[in-house]
Amino acid sequence: MGKADKETNYNENIRDEQATKDSMPFPDGNVNGISGRSPTKVLRHCNKENVTQNQDILNAVFELSSTKENDEAKEFGTLLLLGVMLLLFIISITGFFIMWFTEFYNDTMLSQLVLKNNSEIAKNWMDPNPKYDTLLKVHIFNYTNIDKYLNGIDEKLKVEDVGPLTYKEHTTKVNVVFNNNFTVTFRDHRSYKFLPEKSSCGEFEKFVLPNVPLISASTKIEKINFIKKLLAVTTINALNEKPFRSLTAQEFLWGYRDRIVSMDIGTGSTHFGLLMNRNGTSVDSLQINTGEDDIRKFSIITQFNGHPLLDFWTDEECNRIDGSDASMFPPHILDNKEDLQVFLQVLCRKIPLHFEKEVTILNNIDALRYRTPLNVFSNPKENPGNACYCHNTQLCLPSGIINATKCYNGAPIFPSFPHFFSGDPEIYKDFEGIHPSQELHQTYADIHPRFAFPISGASRIQINIAVHKGQLLKRKLGRIKEGTVLPLIWIEITSGDFTDEVIDNLYISTFGLNAIQYALKYGTLLACIISFALIVAGFYNLTQKRRQHSNPIQNKILEK
């Protein structure tokens with residue numbers, strides 16, 4: 001190439017560069033206010049920024065797509081946890097309502113008491129384990145100066161409280177019939193074993209005691225026609241029976257052959273003993289509620305000897321037998337510390353037990369103590385509720401005794417508390433040796449607070465006989481006043497000696513079940529609070545995550 005050609009090419013290059021400058025938006029080479037940079041560099045810079053931004057967007061998209069599965073997994077886990085917490089909350093709130101506002105737990109425990117036919121509890125009720133046997137403690141009043149008193153030497157009758165003679169009492173149920181109306185009919189069968197190591201005297205020790213058959217005959221004879229009365233008086237006098245006689249404890253309590261009793265034709269009996277009818281199968285039948293239809297009716301007596309009412313008293317209220325057997329009570333009646341009504345066959349009537357206080361017995365076992373009210377045997381002037389218990393007599397008796405003559409087939413039996421406790425001192429003013437004491441002579445029971453059966457206590461009653469002289473005794477009981485009430489015996493029924501196993505069972509039935517109940521009550525409350533708090537926290541966390549992920553690409557770019 002020649003020189004002229006080189007110059008021509010050079011000039012064409014110059015013209016091309018100038019044409020490029022003229023086509024630029026900023027002919028002077030100042031792009032975006034930046035001088036001194038070539039257009040090429042400016043274009044490269046812009047392209048670089050666009051590429052970087054596009055790369056950020058792509059990275060955000062790629063990062064989002066790579067974490068999307070993890071976020072979905074986390075959200076699913078959160079939802080699953082919330083579902084579990086919601087289920088726990090529903091269960092706990094249901095448990096909370098049941099434990100705090102219903103009697104479901106208590107009723108479930110009490111349902112174990114129901115006497116359902118062929119159930120284990122019914123079998124144990126009919127034939128209880130001997131380790132739960134009770135003790136019968138008998139005190140006999142020994143008349144130590146009867147001859148001196150009748151002869152006018154001594155001013156007062158002296159009686160000596162001898163005892164206790166202690167017997168182990170085992171009670172089973174016989175002739176048991178479960179009825180269709182949720183009741184069960186039965187008779188008690190009792191057997192006794194003398195415990196000399198727990199007794200203060202022997203069974204064959206002799207005492208001077210009232211001749212109960214003779215005194216009873218004197219009362220009964222007055223109610224028959226004149227001819228029969230004359231014949232009976234003549235016959236009995238021929239026997240030369242004395243108003244007091246010497247007998248052993250075993251004879252007086254459990255029976256001996258008596259000539260006067262043998263004369264009472266039609267009864268078929270030849271023996272007499274104050275507790276003779278108590279030994280063996282009872283002549284009386286009871287019917288009680290089993291609690292199957294309503295646990296609140298449990299153990300309430302519905303019939304006595306096949307009748308819903310007694311016929312010993314003059315008023316329906318007094319003839320009602322809707323009390324409980326002394327061995328168990330309706331559980332719910334303890335909730336408000338209401339009076340317990342106990343039907344006592346020895347009295348042919350029910351008596352109330354008043355709540356006194358909460359006590360701790362047998363190695364810190366809680367119980368509710370109930371006592372008989374002091375006016376339970378009071379004269380109607382002091383206790384109007386007792387009016388119908390004396391309307392069937394010619395004269396209402398002084399406070400402290402009850403006329404149970406009709407209950408004992410006409411025998412003048414007048415029960416009271418031991419030593420005439422809470423009675424009018426007029427009753428025993430002619431006696432020495434009578435010393436009433438609340439601690440020793442008042443009936444009380446320590447009741448299980450949940451299951452309402454007596455854990456310990458003492459049922460105490462005294463058997464007395466009233467003197468009606470008449471033609472048979474007016475010469476034999478000279479100084480003894482008409483209507484004098486002679487104490488015979490008093491009995492005390494207590495719980496036996498509990499073994500460690502029994503005490504442990506009692507402890508579990510009180511503290512153990514209470515601990516479970518409190519654990520369930522406060523456990524459901526705590527579970528409600530925790531599960532609700534976790535649900536709230538879970539929903540809050542889930543909401544926040546969803547809000548953050550509503551525009552994930554923009555969030556990633558902003559983070560860059």
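Numbers for residues simply follow the sequence, beginning at 1.
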Determine, step by step, whether N211 and E241 satisfy the side-chain hydrogen bond (donor to acceptor under 3.5 Å, both in side chains) criterion, reporting the C-alpha distance in whole Å, the side-chain angles of both residues, the deciding distance to 0.1 Å, and the verdict. CA-CA 8 Å; N211 189 337; E241 289 280 347; 3.0 Å; yes
Under the side chain to side chain contact (heavy atoms under 4.5 Å, CB included) criterion, do D430 and K481 qualify, and how do the steps go? CA-CA 10 Å; D430 295 326; K481 299 175 183 178; 3.9 Å; yes
Pair T219, H468 - check side-chain hydrogen bond (donor to acceptor under 3.5 Å, both in side chains), show working. CA-CA 6 Å; T219 300; H468 178 69; 5.7 Å; no
Does I215 form a side chain to side chain contact (heavy atoms under 4.5 Å, CB included) with L486? I'd like the steps, not just the answer. CA-CA 10 Å; I215 298 174; L486 303 175; 4.1 Å; yes
Checking side-chain hydrogen bond (donor to acceptor under 3.5 Å, both in side chains) for the pair D424/S399: CA distance, chi angles, key distance, verdict? CA-CA 5 Å; D424 189 335; S399 293; 5.9 Å; no
Could you go through D446 and S456, starting from their C-alpha distance and side-chain angles, then the distance that decides it, and tell me whether this counts as side-chain hydrogen bond (donor to acceptor under 3.5 Å, both in side chains)? CA-CA 5 Å; D446 294 331; S456 67; 3.0 Å; yes
Checking side chain to side chain contact (heavy atoms under 4.5 Å, CB included) for the pair N237/V233: CA distance, chi angles, key distance, verdict? CA-CA 6 Å; N237 282 335; V233 170; 3.3 Å; yes
What's the verdict on side chain to side chain contact (heavy atoms under 4.5 Å, CB included) for F417 and F377, showing C-alpha distance, side-chain angles and the deciding distance? CA-CA 9 Å; F417 286 130; F377 296 141; 3.9 Å; yes
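Using a 4.5 Å heavy-atom cutoff, the side chains of I146 and L150 are in contact. Within the 4.5 Å cutoff, side-chain heavy atoms of I401 are placed close to those of F420. Looking only at side-chain heavy atoms (C-beta outward), M276 and L253 stay at 4.5 Å or farther from each other. Counting only heavy atoms from C-beta outward, the side chains of L473 and I480 never approach each other to under 4.5 Å. With a 4.5 Å cut-off on side-chain heavy atoms, V261 and T270 do not count as touching.
Remark: the backbone N or O of S285 is paired with a side-chain donor or acceptor of N305 at under 3.5 angstrom. Side-chain atoms of Y408 come within 3.5 Å of backbone N or O of V346 as a donor-acceptor pair. Judged purely by atom type and a 3.5 angstrom limit, N225 uses its side chain to pair as donor or acceptor with the backbone of K228. The backbone N or O of T405 sits less than 3.5 Å from a side-chain atom of N403, completing a donor-acceptor pair. When atom types are taken as modelled, the side chain of R245 and the backbone of L209 share no donor-acceptor pair closer than 3.5 angstrom. Of the possible donor and acceptor atoms, one in the side chain of S282 sits under 3.5 Å from a partner among the backbone N and O of D284. Looking at N124, its side chain does come within 3.5 Å of a backbone N or O of E120 through a donor-acceptor pair. The main-chain N or O of I288 is never found under 3.5 Å from a side-chain atom of Q303 such that the two would form a donor-acceptor pair. Remark: the backbone N or O of S378 is paired with a side-chain donor or acceptor of N386 at under 3.5 angstrom. Under the 3.5 Å distance criterion, the side-chain polar atoms of E169 are left unmatched by any main-chain donor or acceptor of D133.
Between I121 atom CD1 and T290 atom OG1 the span is 12.5 Å, to the nearest 0.5 Å. Taking CD1 from I140 and CZ from F252, the interatomic distance works out to 7.0 Å, rounded to the nearest 0.5 Å. A distance of 13.5 Å separates CG of N289 from CZ of R296, quoted to the nearest 0.5 Å. One distance of note links CG of D294 with CD of E292; it measures 12.0 Å at 0.5 Å rounding. To the nearest 0.5 angstrom, K469 atom NZ is 10.5 Å from K474 atom NZ.
For E160, the salt bridge (Lys or Arg N to Asp or Glu O under 4.0 Å) test picks out no residue, with sequence neighbours left out. Residues passing the ring pair (Phe, Tyr, Trp, His ring centres under 6.0 Å) test with F451, sequence neighbours excluded: H448. F244 is linked by a ring pair (Phe, Tyr, Trp, His ring centres under 6.0 Å) to Y143, counting only residues two or more places apart in sequence or in another chain. For F431, there are no ring pair (Phe, Tyr, Trp, His ring centres under 6.0 Å) partners two or more places apart in sequence or in a different chain. Under the salt bridge (Lys or Arg N to Asp or Glu O under 4.0 Å) criterion, K337 pairs with no residue, sequence neighbours left out. Under the rule for a side-chain hydrogen bond (donor to acceptor under 3.5 Å, both in side chains), the partners of E317 that lie at least two apart in sequence or sit in another chain are R320. Qualifying side-chain hydrogen bond (donor to acceptor under 3.5 Å, both in side chains) partners for D161, counting only residues two or more places apart in sequence or in other chains: H139, H419, W490. Legend: residues meeting side-chain hydrogen bond (donor to acceptor under 3.5 Å, both in side chains) with T235, ordered by chain and number and at least two apart, are absent. Among residues two or more places apart in sequence or in another chain, the ring pair (Phe, Tyr, Trp, His ring centres under 6.0 Å) test is passed with F343 by F304. Shown here are the side-chain hydrogen bond (donor to acceptor under 3.5 Å, both in side chains) partners of T185, two or more places apart in sequence or in another chain: N179, Q287.
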Run the side-chain donor-acceptor check on residues 353-362: report pairs under 3.5 Å with partners two or more places apart or on a different chain.
{"from": "H354", "atom 1": "ND1", "to": "D339", "atom 2": "OD1", "distance (Å)": "2.8"}
{"from": "H354", "atom 1": "ND1", "to": "D339", "atom 2": "OD2", "distance (Å)": "3.0"}
{"from": "E356", "atom 1": "OE1", "to": "R371", "atom 2": "NE", "distance (Å)": "2.8"}
{"from": "E356", "atom 1": "OE2", "to": "R371", "atom 2": "NE", "distance (Å)": "3.3"}

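Residues A458 and E492 come closest through the heavy atom pair CB-OE2, 3.5 Å. For the residue pair I455 and A367, the shortest heavy atom distance occurs at CD1-CB, 4.3 Å. Taking all atoms of both residues into account, the shortest heavy-atom contact from I301 to S324 is CD1-C, 4.0 Å. Shown here for N279 and S191, the closest heavy-atom pair between the two residues is OD1-CA, 4.0 Å.
Taking the ring axis of Y389 as reference, the NZ or CZ atom of R349 stays within 45° of it and closer than 6.0 Å to the ring centre.
Dense packing is recorded around CD of E197, with more than 12 heavy atoms of other residues, nucleotides or ligands lying under 6.0 Å away. More than 12 non-hydrogen atoms from other residues, nucleotides or ligands lie less than 6.0 angstrom from NZ of K131. Within a 6.0 Å radius of CD1 in I227, other residues, nucleotides and ligands contribute 12 heavy atoms or fewer.
No side-chain N or O of R460 forms a donor-acceptor pair with one of Y444 less than 3.5 Å apart. Donor-acceptor pairing under 3.5 Å is lacking for the side chains of T144 and N142.
Listed by first and then second residue, the ring-ring contact (aromatic ring centres under 6.0 Å, His included) pairs involving residues 149-171 are Y167-F194, Y167-W254 (not counting sequence neighbours).
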